[in-house]
Amino acid sequence: MPMFQPSKRDGVVVAGFDGGGDGQVLDLDTAVKDGVLGGVVGGGVIGAAVGEKLDLKKMIEELDVPEIPSVFICPISLEPMQDPVTLCTGQTYERANILKWFNLGHYTCPTTMQELWDDSITPNRTLYHLIYTWFSQKYSLMKKKSEDVQGRVSELLQTLKKAKGQARIQALKELKQVVAAQATAIKTVVDEGGVSLISSLLGPFTSHAVGSEAIAILVKLELDSESKTNLMQPTKISLMVDMLNEGSVETKINCTRLIEKLMEEKEFRSESITSHRLLVGLMRLVKDKRHTNGILPGLSLLRSICLHEQAMSLIVSIGAVPQLVELLPALEPDCLELALFILDTLSSLSEGKAALKDCINTIPNMVRLLMRVSESCTQYALSILWCVCKLAPEECSSVAVEAGLAAKLLLVIQSGCNPVLKQKSSELLKLCSLNYTDTIFISKCKLTRTIQ
């Protein structure tokens with residue numbers, strides 16, 4: 001059989017990655033005309049950008065391109081090629097990938113599975129230049145856009161230093177849009193001192209129009225310890241609480257998220273969150289049925305707050321326990337777990353236990369949630385049921401058994417869940433059985449058919 005001599009011409013691209021036998025030969029004009037370059041615009045195709053030589057690997061790593069021409073993709077790794085080489089079958093691969101294939105003892109073409117009559121590999125320089133040019137143009141456009149964004153952010157920050165009234169609001173609105181759309185804008189704001197500048201706009205005399213835009217920006221930024229400490233000033237927290245109660249839904253959510261960010265700081269002072277107005281505003285956000293996008297951030301902040309002992313009694317005093325219990329059936333799983341965590345935490349207080357016992361739907365809702373959503377939810381619901389039944393064994397145990405608790409507890413015991421949960425279920429089952437004869441309790445457990 002005659003030896004295959006790979007082409008050494010630079011003006012040829014060998015493709016054919018769709019599993020066909022022979023490679024498709026493309027000259028440069030055809031490659032551009034037929035869209036192999038996937039939308040590259042401008043003059044020449046081959047050749048590095050003027051000035052600094054760009055690193056192909058770096059460009060591939062930094063660019064986030066949704067669609068890359070298939071001719072640039074290595075059939076083995078399904079990643080863009082940086083050093084394409086062609087086999088005698090006409091198929092092209094990334095050099096490192098095909099050499100690894102050979103080192104594993106394979107002497108076939110991975111795509112066609114043809115046995116190779118020539119194991120030499122030929123650098124596909126033309127395809128390399130096409131790949132390099134395509135990525136370099138995309139990279140240059142990205143860099144230019146990034147530089148434009150950085151310039152605009154700098155201009156807006158300068159405007160904020162001197163602008164007042166409507167001009168200040170307009171600058172903040174534009175900066176908010178830029179920060180939301182471009183990741184590079186966030187870094188520029190931080191690097192150019194934008195965090196302290198925007199934070200300085202928040203105070204006792206700040207209008208809600210300015211405050212809402214400023215907070216919408218701050219919540220998207222990476223805040224260092226100094227910035228968080230600055231934002232924890234009582235006047236700034238007070239403004240956030242006001243807007244949590246009176247702002248738009250978007251503003252309420254942003255205030256909620258920013259306060260939770262501040263709570264991550266070690267120096268955060270508990271007195272900042274022991275505010276009746278803050279907690280009332282949070283519960284309004286959580287209960288807003290028209291804007292359910294506020295439930296998760298609201299519950300998340302409430303969870304963080306109830307970890308502070310000073311705030312727990314206040315949360316119970318505003319009636320949060322019955323309100324959260326009533327919300328449970330309508331909550332999504334992620335929100336449900338947060339709400340149950342909060343209720344379980346509050347059940348450690350005597351007033352929390354009493355509030356749970358006095359709520360008519362506590363027991364039926366908790367029983368319904370056992371073995372329904374997740375092991376965590378089952379754990380929290382079981383803990384709450386235990387607290388309530390322990391508080392008033394005769395009254396609550398009977399209600400729980402009538403709601404189907406005994407059968408649910410048996411399911412937990414028979415399941416493959418945490419041994420601690422099983423033990424807790426056994427203890428609660430024993431507690432519930434004290435008010436019944438064996439025969440009646442077995443019927444309540446719905447075990448008659450199993451025993452027979």
Side-chain angles (χ1 to χ4, degrees), residues 303 306-307 309 312-313 315-316 319-331 333 335-452:
R303 177 190 185 279
C306 78
L307 294 175
E309 290 184 17
M312 289 171 63
S313 295
I315 295 173
V316 175
V321 169
Q323 292 177 57
L324 289 173
V325 169
E326 297 302 324
L327 280 175
L328 292 176
L331 294 179
C335 295
L336 184 61
E337 194 161 316
L338 286 171
L340 285 171
F341 175 90
I342 294 164
L343 289 171
D344 184 34
T345 303
L346 296 177
S347 71
S348 63
L349 299 177
S350 57
E351 57 265 46
K353 287 186 180 75
L356 284 164
K357 172 188 167 293
D358 293 341
C359 180
I360 193 171
N361 285 321
T362 295
I363 290 174
N365 282 351
M366 295 305 158
V367 171
R368 206 172 292 121
L369 289 171
L370 291 175
M371 300 295 289
R372 284 286 296 273
V373 181
S374 67
E375 189 168 311
S376 294
C377 286
T378 295
Q379 178 184 335
Y380 297 138
L382 193 58
S383 176
I384 292 165
L385 285 165
W386 174 259
C387 286
V388 171
C389 290
K390 261 295 209 184
L391 185 64
E394 291 187 9
E395 176 189 349
C396 295
S397 295
S398 300
V399 173
V401 171
E402 293 303 319
L405 176 61
K408 281 292 188 79
L409 291 176
L410 285 169
L411 279 178
V412 176
I413 293 168
Q414 294 167 6
S415 72
C417 66
N418 191 314
V420 176
L421 279 182
K422 292 185 178 185
Q423 180 63 33
K424 197 80 161 179
S425 298
S426 298
E427 292 172 5
L428 186 53
L429 191 63
K430 185 177 180 180
L431 179 65
C432 291
S433 69
L434 297 178
N435 297 325
Y436 298 89
T437 64
D438 291 346
T439 304
I440 293 176
F441 189 67
I442 287 173
S443 69
K444 296 294 182 183
C445 293
K446 300 181 181 177
L447 286 176
T448 305
R449 188 174 299 174
T450 305
I451 291 171
Q452 290 174 347

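Bear in mind the structure is a predicted one, so any value in this text is a computation, not a measurement.
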Between [atom1] on residue [X] and [atom2] on residue [Y], distance to nearest 0.5 Å:
X      : Y      : atom1 : atom2 : value
Ser425 : Leu370 : OG    : CG    : 7.5 Å
Leu428 : Leu409 : CG    : CG    : 5.0 Å
Leu327 : Gln323 : CG    : CD    : 8.0 Å
Leu336 : Arg372 : CG    : CZ    : 10.0 Å

Kindly give the heavy-atom pair with the smallest separation between [X] and [Y], and that separation in Å.
X      : Y      : value
Ser313 : Leu349 : N-CD1, 3.8 Å
Pro333 : Val373 : CB-CG1, 4.0 Å
Leu328 : Ala339 : CD2-CB, 3.8 Å
Ser348 : Met312 : OG-CE, 3.4 Å

Audit row: Ile315, Val321, side-chain contact (heavy atoms from CB on, under 4.5 Å) steps and yes/no: CA-CA 8 Å; Ile315 295 173; Val321 169; over 6 Å; no
State which residues pass side chain to side chain donor-acceptor pair (under 3.5 Å) with Glu375; sequence neighbours excluded, sorted by chain then number. none
Check: [Y] and [X] side chains under 4.5 Å, non-hydrogen atoms:
X      : Y      : answer
Ile413 : Ser426 : yes
Arg303 : Leu307 : yes
Leu429 : Leu405 : no

Got a list of side-chain donor-acceptor pairs under 3.5 Å for residues 357-367, not counting sequence neighbours?
unit_1 : atom_1 : unit_2 : atom_2 : d
Asn361 : ND2    : Glu326 : OE1    : 3.0
Asn361 : ND2    : Glu326 : OE2    : 3.1
Thr362 : OG1    : Leu356 : O      : 2.7
Thr362 : OG1    : Cys359 : O      : 3.4
Asn365 : OD1    : Arg368 : NH1    : 2.8
Asn365 : ND2    : Val325 : O      : 2.9
Asn365 : ND2    : Asn361 : O      : 3.4

Per-pair distances, 0.1 Å, donor-acceptor, side chain in residues 376-390, under 3.5 Å, sequence neighbours excluded:
unit_1 : atom_1 : unit_2 : atom_2 : d
Thr378 : OG1    : Met371 : N      : 2.9
Thr378 : OG1    : Ser374 : O      : 3.2
Ser383 : OG     : Asp344 : OD1    : 2.7

